[in-house]
J.: 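Structure provided below as structure tokens; questions to follow.
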Amino acid sequence: MLKVKITFSAFLLLTVSFSFAQNTLVLHSSQAKTKINKEIYGHFSEHLGTCIYEGIYVGEDSDIPNIDGYRIDVVEAFKELKVPVLRWPGGCFADTYHWKDGIGPKEERPSIVNVHWGGVTEDNSFGTHEFLDFCELIDTEPYLSINVGSGTVQEAAEWVEYVTSSNESPMTELRKENGREDPWDVKFWGIGNENWGCGGEMTPEYYANVYRNFACYVKGNDLQRVICGPSGGDKNWTEKIMAGLKGKMHLTQGVSLHYYTLPTGSWSGSKGSSIDFGEEMYFKTLYNTLFIKDYINDHLEIMDQYDPEGKVKLIVDEWGTWYDKLPGTKDGFLQQQNTLRDALVAGINLNIFNNHADRISMANIAQIVNVLQSVILTKGAQMVKTPTYHVFKMYNVHQDATLIPLEIESEEYEFNGQAIPALTASASKKDGITSITLTNANPNKALKVDCVLDTDLKLAGAQIITAENISDYNDFGKDELVSIKKFNVAKPKNGKLSVELPSKSVVLVQLQ
Ligand code: AHR
């Protein structure tokens, strides 16, 4: 975009000056004080499709190489990714889950039907012990989701006792009988999931009271309780649950937010294909994903009215893209591919979360394997790392780093009369290294970005994720089309760093 400015001097000489659309980042390192919680890089695993069974757990007798039933390739990939927190067992599945069905000898565990996801029979062979031991294996914090929709307060209180207590009690005895002497360290507990929908079709006023009842018995040292918050832009839900907690704000440490990016922006009809799309669907996906920024600000504004000190955090415990299921896959299994478009979605969302690190304490992409915007896909003994995996890996430099406040000016990426900012970015510092992550949404044009630095820094390195086409993805048995590559950036000069972001790219630049 070209802006022309015309001025007349005192001598009536005509001066014409041109100013081009600028992409500028101004970093305020001296104001850096907020920690980016590593849990912002969290994940979500549900008993849905092949996420748990096949994706994580194949059983000890499987031909697929495993350790205690967990597939080794997936364990190694998660360790490399540094998964900081994992939510389980759902999702809507959690709203019908009774944890006692999933403990004790496997052959004695009752089966249930997974009514929300494909009507398949769940044999409960992956339960509390299997999940928490898995978290220890991959060195991640567990985040358990309590059944409020069809569960009881007693059941919830007993689960907390069973898992976290070192008292002498019937629940801890039961845990020991089942082979676990010491309690697990489980800090994060979600009290209810989507209670406005699959979690009981409740009104916010009713749910707030139910929540208070449950929260009163879900107790322990340093335990963080999360109240079921809104879906997308539902401000009424946030308003009513916060009002329902008035005078009892200590009962919650977090409000959840769920927002899925649908290319069409609508739950009815086709949501669009995960692989077979052109620029129109690409643009719409990125356009819709950016709504999350407004939703975050809107819900925080309401929360601030009831919690002016900002003690209660926002926890985006379900986010990511949701497309039509892949042809030939089962209904209710939510299997989709993951392309460069998803890498852009991940990079944009993670930049937004980082920039809200003062109030967002956790986020969990849906879901970790084989469901929705996964970081890993499996097929039999094969496994691929998706473009989203590579973005998480690249952005890991921000885990527990200190956020550097930024001012961003971006040109627009226009399509069919609508526009979004082409550039998003976030920056942090840790161990003497400043890391800047940037996304260029425009699939047709490189962006020249000027970064203004407020300290004297040298280039430490740069990486890029891009591909030839917006719909490129990593397929089983083939070379990766989308992965992290080294990227060349000119050295900073006089406190200014110039980066040319190729079209449709996600970039990390590091300085020291
Ligand atoms: O992630 C898939 C589903 O989306 C979850 O089970 C539910 O909580 C949400 O509607």
Side-chain angles (χ1 to χ4, degrees), residues 42-53 55-56 85-97 112-120 122 126 131 143-151 188-202 207 211 226-234 237 241 254-263 265-268 271 274 288-289 292 295 315-326 329-338 342 345-346 349 362-377 386 388:
H43 294 259
F44 168 37
S45 57
E46 180 167 10
H47 289 240
L48 194 175
T50 54
C51 179
I52 300 292
Y53 303 109
I56 291 174
V85 61
L86 186 58
R87 180 172 178 247
W88 177 85
C92 296
F93 179 78
D95 302 318
T96 58
Y97 185 64
I112 54 162
V113 173
N114 191 335
V115 288
H116 291 292
W117 306 118
V120 292
E122 161 67 54
F126 189 95
F131 175 69
Y143 171 21
L144 295 180
S145 186
I146 288 174
N147 178 358
V148 169
S150 65
F188 304 111
W189 294 82
I191 304 184
N193 167 73
E194 299 200 346
N195 301 90
W196 31 262
C198 61
E201 298 285 0
M202 300 177 192
Y207 168 68
Y211 176 86
V226 181
I227 189 168
C228 163
S231 168
D234 184 357
W237 182 272
I241 58 158
V255 173
S256 71
L257 166 66
H258 288 185
Y259 177 60
Y260 283 100
T261 300
L262 277 54
S266 162
W267 289 102
S268 57
K271 298 176 193 66
S274 57
N288 286 324
T289 213
I292 200 164
Y295 297 152
I315 292 185
V316 190
D317 63 15
E318 287 186 32
W319 70 273
T321 52
W322 193 316
Y323 309 116
D324 290 343
K325 73 182 180 88
L326 284 171
T329 60
K330 288 194 191 145
D331 283 342
F333 274 33
L334 313 186
Q335 274 177 276
Q336 61 189 44
Q337 252 302 348
N338 195 296
D342 295 273
V345 168
N349 278 272
M362 192 199 295
N364 310 77
I365 191 168
Q367 297 192 7
I368 194 160
V369 195
N370 290 340
V371 172
L372 301 174
Q373 194 179 346
S374 309
V375 289
I376 294 287
L377 295 174
T386 67
T388 301

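In this chain, numbering begins with 1 at the start of the sequence shown. Read the numbers this way: they start at 1 and go in the same order the structure lists the ligands and their atoms. All values reported here derive from a predicted model rather than from experimental measurement.
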J.: Ignoring hydrogens and angles, state whether a donor on the side chain of N193 or S145 is under 3.5 Å from an acceptor on the partner side chain.
T.: no

J.: Of the side chain and backbone of H116, name the one, both, or neither that has a heavy atom under 4.0 Å from an atom of ligand 1.
T.: neither

J.: Are side-chain N/O atoms of N349 and T289 paired as donor and acceptor at under 3.5 Å?
T.: yes

J.: Could you tell me, atom by atom, which parts of ligand 1 come under 4.0 Å of a heavy atom of C92?
T.: 5 (C), 6 (O), 7 (C), 8 (O)

J.: List the steps, then state whether side chain to side chain donor-acceptor pair (under 3.5 Å) holds for E122 with Y53.
T.: CA-CA 10 Å; E122 161 67 54; Y53 303 109; 2.5 Å; yes

J.: Which bit of L372 gets closer than 4.0 Å to ligand 1, counting heavy atoms only: side chain, backbone, both or neither?
T.: side chain

J.: For the residue pair H47 and W88, categorise the inter-ring angle as parallel (less than 30°), tilted (30 to 60°) or perpendicular (more than 60°).
T.: tilted

J.: Between D317 and N364, is any side-chain donor less than 3.5 angstrom from a side-chain acceptor?
T.: no

J.: Taking only heavy atoms of Q367 into account, list the atoms of ligand 1 that are under 4.0 Å away from them.
T.: 1 (O), 2 (C)

J.: Tell me, which protein residue and heavy-atom name are nearest atom 8 (O) of ligand 1, and how many Å apart are they?
T.: E318 OE2, 2.7 Å

J.: Sub-3.5 Å donor-acceptor pair from the side chain of N288 to the main-chain atoms of P263, do we have one?
T.: yes

J.: Quick one: look up the protein heavy atom nearest atom 6 (O) of ligand 1 and list residue, atom name and how far away it is.
T.: E46 OE1, 2.7 Å

J.: Under 4.0 Å from a heavy atom of N193: give me the atoms of ligand 1 that qualify, with their elements.
T.: 8 (O)

J.: What part of W319, side chain from CB on, backbone N/CA/C/O, both or neither, has a heavy atom under 4.0 Å from ligand 1?
T.: neither

J.: May I ask you to check whether D342 and T321 show a side-chain donor-acceptor distance below 3.5 Å?
T.: yes

J.: Of the protein's non-hydrogen atoms, which lies at the shortest distance from atom 1 (O) of ligand 1, and what is that distance?
T.: Y260 OH, 2.7 Å

J.: Give the ring-plane orientation class for W267 versus Y260, where under 30° counts as parallel, over 60° as perpendicular and anything between as tilted.
T.: perpendicular

J.: If you count the atoms of ligand 1 from 1 in the order shown, which ones are under 4.0 Å from a heavy atom of E194?
T.: 7 (C), 8 (O), 9 (C), 10 (O)

J.: With heavy-atom distances below 4.0 Å as the criterion, list the atoms of ligand 1 near F44.
T.: 1 (O)

J.: For atom 3 (C) of ligand 1, which protein heavy atom lies nearest, and how many Å away is it?
T.: W117 CZ2, 3.6 Å

